[in-house]
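What follows is a single structure, written as structure tokens, with notes after it.
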Amino acid sequence: MSGPTISFGLGGRKLKDKDLFGKSDPYVTISRPNTSGGFTVLRTSETRNNTLNPDWDEFLFIESELNGNNKELKLRIEVFDDDGKKGPDGKDDLIGRGFYSLKELEASALLNVLLPINDGKKEKDSGQLLVLSFKEHNA
């Protein structure tokens, strides 16, 4: 990796349960806006089984890969319930999503503030994101 890097750790709190039996098996994806108006997935976490309060492993990014050096750019953070098949697929249920900039993620980590996520349809609350850590590393 060349250039400054950024690492941050995320957790989910009080996530909405999408499973009939047991609890959801959540994983998180981090996406950035692309030039065609959609989003490009940059990272996908591991799945944490049977929990509504997961902590995922830290993500490491080259700064330019995340935001092109724009700390105000909103990243899309989505939490899904894994349906049991290996890897993300169309059967995984969206638990919730939020749009947050690196500045907001860093402030959340410093102030220990939870960030709301919603279901993306009716804008219903579906839990919170906790930024466990946020670090910038100069090359």
Checklist entry - Which heavy atom in Glu65 sits nearest to a heavy atom in Leu42, and how many Å separate them? => result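 Shortest heavy-atom separation between Glu65 and Leu42 comes out as O-CD1, 3.8 Å.
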When you measure from the side chain of [X] to the backbone of [Y], do you find a donor-acceptor pair of N or O atoms at a distance under 3.5 Å?
X      : Y      : answer
Ser108 : Val113 : yes
Arg43  : Leu60  : yes
Asp25  : Asn50  : yes
Trp56  : Pro26  : yes
Glu106 : Lys103 : no
Ser133 : Gly9   : yes
Ser24  : Lys18  : yes
Asp119 : Lys124 : yes

Could you check if a side-chain atom of [X] sits within less than 4.5 angstrom of a side-chain atom of [Y], using non-hydrogen atoms only?
X      : Y      : result
Ile117 : Arg97  : no
Leu94  : Glu78  : yes
Leu75  : Ser31  : no
Leu10  : Ile77  : yes
Asn112 : Val131 : no
Glu136 : Lys71  : yes
Asn49  : Asp82  : no
Phe80  : Asp93  : no

Item to check | Polar side chain donor-acceptor pair, Asn53 to Thr51, under 3.5 angstrom | outcome: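 Absent: no donor and acceptor within the cut-off.
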Next on the checklist: Does either side chain, that of Tyr27 or that of Asp92, offer a donor lying less than 3.5 Å from an acceptor on the other one?
Outcome noted: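 Short answer, yes.
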Next on the checklist: Run the ring pair (Phe, Tyr, Trp, His ring centres under 6.0 Å) test on Tyr100 and Phe8 for me, step by step, so that the C-alpha distance in whole Å, both residues' side-chain angles and the decisive distance to 0.1 Å come before the verdict.
Outcome noted: CA-CA 13 Å; Tyr100 296 103; Phe8 57 86; over 10 Å; no
Next on the checklist: Regarding Glu58 and Lys135, does a basic nitrogen lie under 4.0 Å from an acidic carboxylate oxygen?
Outcome noted: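 Counted as a salt bridge, because a side-chain N and a carboxylate O are separated by less than 4.0 Å.
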Item to check | Spatial distance of atom CG (Leu52) from atom CG (Asp17) [nearest 0.5 Å] | outcome: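 Here the interatomic distance stands at 5.0 Å.
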Next on the checklist: For the CD1 atom of Ile62 and the OG1 atom of Thr5, what is their distance to the nearest 0.5 Å?
Outcome noted: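 The CD1 atom of Ile62 sits 8.0 Å away from the OG1 atom of Thr5.
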Checklist entry - Would you find more than 12 non-hydrogen atoms of other residues, nucleotides or ligands less than 6.0 Å from Lys74 atom NZ? => result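 More than 12 within 6.0 Å, yes.
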Item to check | Within residues 4-14 or reaching into it, pairs that qualify as salt bridge (charged side-chain N to carboxylate O under 4.0 Å, His left out) - sequence neighbours excluded | outcome: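 Only Arg13-Asp55 qualify under salt bridge (charged side-chain N to carboxylate O under 4.0 Å, His left out).
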Next on the checklist: Is there a salt bridge (charged side-chain N to carboxylate O under 4.0 Å, His left out) between Asp57 and Arg48? Walk through the geometry before answering.
Outcome noted: CA-CA 10 Å; Asp57 293 341; Arg48 296 291 188 211; 3.1 Å; yes
Item to check | Transitive ILVMFWY side-chain link Leu132 to Val28, under 4.5 Å | outcome: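 As far as the 4.5 Å side-chain criterion goes, Val28 and Leu132 are not connected within one cluster.
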Next on the checklist: If the condition is side-chain hydrogen bond (donor to acceptor under 3.5 Å, both in side chains), which residues does Ser126 pass it with, not counting sequence neighbours?
Outcome noted: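 Partners of Ser126 under the side-chain hydrogen bond (donor to acceptor under 3.5 Å, both in side chains) test: none.
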Item to check | Ring centres under 6.0 angstrom apart (Phe59, Phe134) | outcome: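 No; Phe134 has its ring centre 6.0 Å or more from that of Phe59.
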